[in-house]
A.B. asks: 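Once you've had a glance at the structure underneath, I'll fire off some questions.
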2 protein chains.
Amino acid sequence: MAPLDIDVARSRLLDAAEGLFYARGIQAVGMDDIRTGSGVSLKRLYALYPAKEQLVEAYLRRRDVRWRGRLAAHVEAVDGPRERILAVFDWLGEWFREPGFRGCAWINGYGELGTTSEVVARLAREHKLAFAAYLEDLVRAAGLPETLAPQVLLLAEGAMVTAGILGTDAPAAQARSAAAVLVSSAAPGA
Amino acid sequence: MAPLDIDVARSRLLDAAEGLFYARGIQAVGMDDIRTGSGVSLKRLYALYPAKEQLVEAYLRRRDVRWRGRLAAHVEAVDGPRERILAVFDWLGEWFREPGFRGCAWINGYGELGTTSEVVARLAREHKLAFAAYLEDLVRAAGLPETLAPQVLLLAEGAMVTAGILGTDAPAAQARSAAAVLVSSAAPGA
DNA sequence: AGTGGGTGAGAACGTGCGTTCTCTGCGTAA
DNA sequence: TTACGCAGAGAACGCACGTTCTCACCCACT
């Protein structure tokens, strides 16, 4: 029964890590907290992730896949290439309203450990580049000029940061209407 | 000679604190580092700031005044109320290009200690609200609709975050041109 | 039933750091 | 010149936490 339990232990650990790291910050969570939160013994924890940084890395990687997956699922349920660009901000608004929302995990992680941990800094860059690439795809699919994509990115990043710090979901709608203006202005034909 | 030295000690401490906290993050800097960097003895350090959190607070307060002062000085040297809004992004670009630029101290501080330290969380909110209020002033002075101000704020915040994480100054120009579109679209008369 | 390997609980270890304490030396006043 | 007090250097203390170790338990196999 050992191999099966390994997968169970891994996912319990990542669940606990994600809940705790995101809610409190990485440095504020001790390995004992992970152990208590997951029910997985310290011995097994260290067998699966030999150091805290590797658990942090696994947490950020899994969250990246899930975060971008949820975004893409929401966007792709919308019809019309231009509407899809705006749907990004609708999804951000839903996310901001979730209980426990506390800003972007990568922005927070970068602020906390960008200097100390090369891994965290790199994962934050990769996540933002992947998000930027996704927005480029949306803009290209809409036949709009590529210069629009980074502008939409900045609106989204600004919305995440501002919603996190001020604790309000208003930035989602504000960014959405700004993006709508940019999309309309950028449109070559109506 | 005591009273004079107090001011000297205070400013040396804040200079060291600002350099170290901003460059490495708050938790990564020990009180011994502050002592070494400032040349002020631990005894005096604790006489002036009885706990690390108070030094952090003083650092963020002084930086807030200086940061907004530098921004305002740059903006007010520009003629034309609409050009002033765009000048915000020119100044951001200059800031991003400064050696040692590492993102926004309040965004980083919020990511690092927003959960742990009520003081840091409050100062981050206050700083962002003050910045938002300044942008509102600029928008109002240009006779543009007030809904423009939070949109410009999001572009600026997104530019700071993205420039910090990706280590490029490109977001300043991208945000500037997005803001130019928003300003033009919002203008009631030409 | 008896034995061995592996597992969980948690004690233990080492380190880093915020904060305080000690001691030494120097400048000042009589 | 001598006694006093303040300041600086840095040792010391207490705690938190990442990581490792110990030990007792349980289950499989004979």
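Since the model is a prediction, treat every value here as computed from it, not as a measurement. Note that these values count all heavy atoms, side chains included, but never hydrogens, waters or copies made by symmetry.
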A.B. asks: Roughly how many Å is it from CD1 in B/Ile26 to C1' in C/dC17, rounded to a whole number?
C.D. replies: 16 Å
A.B. asks: For B/Tyr110 and B/Lys128, what are the C-alpha separation, side-chain angles and deciding distance, and is it a side-chain contact (heavy atoms from CB on, under 4.5 Å)?
C.D. replies: CA-CA 11 Å; B/Tyr110 181 83; B/Lys128 291 308 178 192; over 6 Å; no
A.B. asks: Do the charged groups of B/Arg24 and B/Glu112 touch, with an N to O distance under 4.0 Å?
C.D. replies: no
A.B. asks: Between A/Trp91 and A/Trp67, what is the ring plane arrangement, given parallel below 30°, perpendicular above 60°, and tilted in between?
C.D. replies: perpendicular
A.B. asks: To the nearest Å, give me how far apart CZ (A/Arg44) and P (C/dG10) are.
C.D. replies: 17 Å
A.B. asks: Send over the distance from B/Tyr46 OH to D/dG10 P, rounded to a whole Å.
C.D. replies: 17 Å
A.B. asks: Atom CG of B/Leu45 and atom C1' of D/dA7: how far apart are they, to the nearest Å?
C.D. replies: 14 Å
A.B. asks: Kindly assign one of parallel, tilted or perpendicular to the pair A/His127 and A/Trp106, based on the angle between their ring planes and the thresholds 30° and 60°.
C.D. replies: parallel
A.B. asks: Rounded to whole angstroms, how far apart are CG on A/Leu48 and P on D/dT19?
C.D. replies: 14 Å
A.B. asks: To the nearest angstrom, how far is B/Ile6 atom CD1 from D/dC6 atom C1'?
C.D. replies: 13 Å
A.B. asks: Please give me every residue in residues 28-43 of chain A whose heavy atoms get under 4.0 Å of an atom in DNA chain D, ordered by residue number.
C.D. replies: A/Val29, A/Gly30, A/Met31, A/Leu42
A.B. asks: Return the minimal non-hydrogen interatomic distance between B/Pro171 and B/Ala163, and the atom names on each side.
C.D. replies: CG-N, 3.8 Å
A.B. asks: Report the C-alpha distance between A/Asn108 and B/Ile107 in whole Å, list the side-chain angles of each, state the deciding distance to 0.1 Å, and finish with yes or no for side-chain contact (heavy atoms from CB on, under 4.5 Å).
C.D. replies: CA-CA 8 Å; A/Asn108 291 344; B/Ile107 294 174; over 6 Å; no
A.B. asks: For the pair made of NZ in B/Lys52 and C1' in D/dA16, what is the distance, rounded to whole Å?
C.D. replies: 14 Å
A.B. asks: Tell me the interatomic distance from B/Tyr49, atom OH, to C/dT20, atom P, rounded to whole angstroms.
C.D. replies: 17 Å
